[in-house]
Undergrad: 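Have a look at this one.
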Amino acid sequence: MTSLSQVTSSRSLLFRRVLKEQWIRAKYERQEFMAEGKTVSLPGNREGFLWKRGRDNAQFLRRRFVLLTREGLLKYYTKEEGKGPKAVISIKDLNATFQTEKIGHPHGLQVTYRREGRTRNLFVYHESGKEIVDWFNALRAARLQYLKMAFPEFPESELVPFITRNYLKQGYMEKTGPKQREPFKKRWFALDPQERRLLYYKNPLDAFEQGQVFLGSKEQGYEVYEDLPKGIRGNRWKAGLTIVTPERRFIFTCASEKEQREWLESLRDVLSCPLSPLHLLSEKQGLGVVLLAEGRKGFLHLGSAVKPQSPLCFPWPSFCQGKIQTLHITARKSPRPKFL
């Protein structure tokens with residue numbers, strides 16, 4: 001009898017073979033990454049159909065996607081002809097990552113972008129491994145094109161880490177509320193190390209997060225501890241951990257000690273990474289903030305926040321050191337700021 005772990009392992013192995021095969025074809029047969037002996041990505045428009053999971057149900061429907069690299073946009077359309085796009089997504093804050101196990105398909109891709117101050121998740125797949133890898137490469141090329149146009153003076157090697165990113169760890173934990181007397185509830189968590197955010201969802205394939213925890217640095221009062229505070233006990237799971245921020249404590253329990261150790265290690269890795277803090281002193285609860293770094297020929301969106309608390313911190317890209325002329329902090333009274 002085949003076990004679940006054997007099935008998962010075989011799917012993962014199949015996906016790695018597909019990805020490796022398409023990378024070799026892209027590099028050597030189609031020569032997509034070669035120019036004058038240097039490794040580059042050649043951007044271009046792309047159009048095709050992908051199976052997309054519905055926002056309010058678990059049904060995957062066939063949708064037409066259009067990538068416009070020069071305009072920096074990704075659009076998708078419903079099956080009705082002659083209508084405008086269902087969504088228009090800016091490349092500047094788009095991310096794409098393979099999520100085969102979460103989606104339950106060997107060619108599954110998760111696309112995320114910012115929408116009204118929250119993270120919007122799109123889950124798509126294609127029957128062809130080649131097609132989904134080509135879409136992934138096209139999105140990466142468009143992202144790199146955007147970064148190169150925004151900051152042409154930066155070498156490509158320093159922009160590459162910011163093209164797309166993967167979650168450092170994902171999985172279920174149980175959490176209690178801010179009063180720490182509420183019942184523990186099971187939630188799906190995803191740790192984004194680049195944006196230093198721990199997002200949580202009711203279900204892994206939710207369109208939007210229920211909430212998030214920003215992870216600053218130890219110097220700013222952020223810490224993670226093993227176990228639970230005195231007087232607090234979990235519901236079903238007993239292996240606990242506590243994230244301490246300047247504003248409050250977040251209490252979690254894990255299904256096993258192994259999961260607890262993995263979460264502690266991942267969270268500590270993020271907290272140990274350096275960042276450049278910006279202290280925004282504001283008592284207005286409905287204030288949205290956008291941070292832009294200005295170079296000689298363009299802007300780079302470093303971070304955004306809705307209803308920020310003090311201190312407000314954004315990660316500081318290494319390629320910005322010594323090359324930023326001006327930092328722009330834009331405060332907006334609207335609770336749902338329009339991101340630049």
Side-chain angles (χ1 to χ4, degrees), residues 3-16 53 58 95-112 118-125 164-178 180 182-215 222-229 232-245 248-273:
S3 67
L4 178 61
S5 61
Q6 289 174 322
V7 173
T8 302
S9 177
S10 63
R11 280 184 175 180
S12 179
L13 183 61
L14 173 62
F15 167 71
R16 287 197 295 268
R53 189 178 191 272
N95 186 53
T97 176
F98 288 105
Q99 296 291 327
T100 60
E101 295 181 18
K102 183 194 292 186
I103 296 175
H105 194 281
H107 309 145
L109 191 69
Q110 179 177 347
V111 177
T112 63
R118 302 176 67 190
T119 300
R120 174 71 164 102
N121 299 309
L122 300 180
F123 300 98
V124 299
Y125 74 85
T164 54
R165 61 191 184 277
N166 295 316
Y167 293 114
L168 185 58
K169 181 170 174 59
Q170 299 183 83
Y172 282 108
M173 291 192 289
E174 290 188 342
K175 70 176 290 292
T176 185
Q180 300 170 9
E182 299 88 344
F184 278 80
K185 296 181 179 180
K186 186 178 179 181
R187 295 291 182 260
W188 177 267
F189 289 82
L191 179 58
D192 186 334
Q194 185 170 307
E195 294 197 352
R196 306 182 75 100
R197 294 184 300 154
L198 178 65
L199 302 103
Y200 57 91
Y201 305 81
K202 187 175 182 179
N203 299 296
L205 298 180
D206 284 348
F208 292 96
E209 79 273 22
Q210 282 194 328
Q212 58 180 274
V213 181
F214 177 78
L215 301 171
Y222 293 83
E223 187 58 271
V224 58
Y225 297 104
E226 183 179 350
D227 216 343
L228 303 175
I232 298 179
R233 301 185 64 180
N235 184 16
R236 297 176 300 164
W237 299 341
K238 308 304 179 185
L241 61 90
T242 302
I243 297 177
V244 178
T245 75
R248 57 167 286 194
R249 296 184 303 181
F250 294 86
I251 312 300
F252 310 95
T253 57
C254 305
S256 66
E257 292 184 355
K258 177 178 179 294
E259 277 290 298
Q260 179 196 44
R261 289 193 299 270
E262 291 178 359
W263 276 112
L264 284 169
E265 180 181 351
S266 299
L267 290 166
R268 285 168 178 164
D269 284 346
V270 175
L271 292 176
S272 64
C273 292

Undergrad: Would you mind writing out the side-chain donor-acceptor pairs for residues 264-273 within the sub-3.5 Å range, not counting sequence neighbours?
TA:
unit_1: Ser266; atom_1: OG; unit_2: Glu262; atom_2: O; d: 3.0
unit_1: Ser272; atom_1: OG; unit_2: Arg268; atom_2: O; d: 3.1
unit_1: Ser272; atom_1: OG; unit_2: Asp269; atom_2: O; d: 2.8

Undergrad: Does a side-chain heavy-atom distance below 4.5 Å link Gln99 with Tyr167?
TA: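 Answer yes - side chains close enough.
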Undergrad: Tell me the closest heavy-atom pair linking Tyr172 and Pro204, and the distance in Å.
TA: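 Answer, listing the atom of Tyr172 first, then Pro204: OH-CD, 3.2 Å.
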Undergrad: Just list the side-chain donor-acceptor pairs under 3.5 Å for residues 183-193, sequence neighbours left out, or say none.
TA:
unit_1: Arg187; atom_1: NE; unit_2: Gln210; atom_2: OE1; d: 2.7
unit_1: Asp192; atom_1: OD1; unit_2: Arg165; atom_2: NE; d: 3.1
unit_1: Asp192; atom_1: OD1; unit_2: Gln194; atom_2: N; d: 3.2
unit_1: Asp192; atom_1: OD1; unit_2: Glu195; atom_2: N; d: 3.2
unit_1: Asp192; atom_1: OD2; unit_2: Arg165; atom_2: NE; d: 2.7
unit_1: Asp192; atom_1: OD2; unit_2: Arg165; atom_2: NH2; d: 3.2

Undergrad: Minimum heavy-atom separation for Ala239 to Ser256, with atom names?
TA: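 Smallest heavy-atom distance, with atoms named: CB-O, 3.7 Å.
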Undergrad: When you measure from the side chain of Thr245 to the backbone of Leu215, do you find a donor-acceptor pair of N or O atoms at a distance under 3.5 Å?
TA: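 Such a contact is absent between Thr245 side chain and Leu215 backbone.
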Undergrad: Testing the basics here: between Leu205 and Phe123, what is the closest heavy-atom pair and its distance to 0.1 Å?
TA: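 Minimum heavy-atom separation between Leu205 and Phe123: O-CE1, 3.4 Å.
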Undergrad: Hey, is CZ on Arg233 packed in by over 12 heavy atoms from elsewhere, all under 6.0 Å?
TA: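 No, because the 6.0 Å sphere around CZ of Arg233 holds 12 heavy atoms or fewer from other groups.
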Undergrad: Pick from Glu257, Arg261, Gln260: which one makes a side chain to side chain contact (heavy atoms under 4.5 Å, CB included) with Glu226?
TA: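 Checked Glu257, Arg261, Gln260 against Glu226; only one passes side chain to side chain contact (heavy atoms under 4.5 Å, CB included): Gln260.
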Undergrad: Roughly how far apart are Thr242 OG1 and Arg249 CZ, rounded to 0.5 Å?
TA: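 Thr242 atom OG1 to Arg249 atom CZ measures 6.5 Å (nearest 0.5 Å).
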Undergrad: How many angstroms lie between atom CZ of Arg120 and atom OG1 of Thr112, to the nearest 0.5 angstrom?
TA: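 Between Arg120 CZ and Thr112 OG1, I get 11.0 Å after rounding to 0.5 Å.
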Undergrad: At what distance, to the nearest 0.5 angstrom, does CZ of Arg53 lie from OH of Tyr125?
TA: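 It is 12.0 Å, given to the nearest 0.5 Å.
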Undergrad: Given side chains that start at C-beta, do those of Asn121 and Tyr201 come closer than 4.5 Å, heavy atoms only?
TA: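 The answer is yes, as the side chains (C-beta and beyond) meet within the 4.5 Å cut-off.
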Undergrad: Can you confirm whether Arg196 sits close enough to Tyr222 that some side-chain heavy atom of one is under 4.5 Å from a side-chain heavy atom of the other?
TA: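 A side-chain contact is absent here, since even the closest heavy-atom pair is not under 4.5 Å.
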Undergrad: If you measure from NZ on Lys102 to OG1 on Thr97, what distance do you get to the nearest 0.5 Å?
TA: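 That separation rounds to 8.0 Å.
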Undergrad: Can you tell me how far CG of Leu228 sits from CD1 of Ile251, rounded to the nearest 0.5 angstrom?
TA: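 So the gap between those two atoms works out to 6.5 Å.
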Undergrad: Over all heavy atoms of both residues, which pair between Arg248 and Pro178 is shortest? Give the atoms and the distance, please.
TA: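 It is NH2-CA, 3.4 Å.
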Undergrad: One thing to verify: whether Glu182 and Lys175 come together as a salt bridge, which I'm taking to mean a side-chain N less than 4.0 angstrom from a carboxylate O.
TA: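 Salt bridge absent between Lys175 and Glu182.
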Undergrad: What's the separation between atom OG1 in Thr176 and atom CZ in Phe252, rounded to the nearest 0.5 Å?
TA: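 These two atoms lie 10.0 Å from each other.
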Undergrad: Heavy atoms, side chains only, cut-off 4.5 Å: are Tyr200 and Gln212 in contact?
TA: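 In short, these two side chains do not touch, never coming nearer than 4.5 Å.
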Undergrad: As a quick check of understanding, evaluate side-chain contact (heavy atoms from CB on, under 4.5 Å) for Lys169 and Trp263, giving each step before the final call.
TA: CA-CA 7 Å; Lys169 181 170 174 59; Trp263 276 112; 3.3 Å; yes
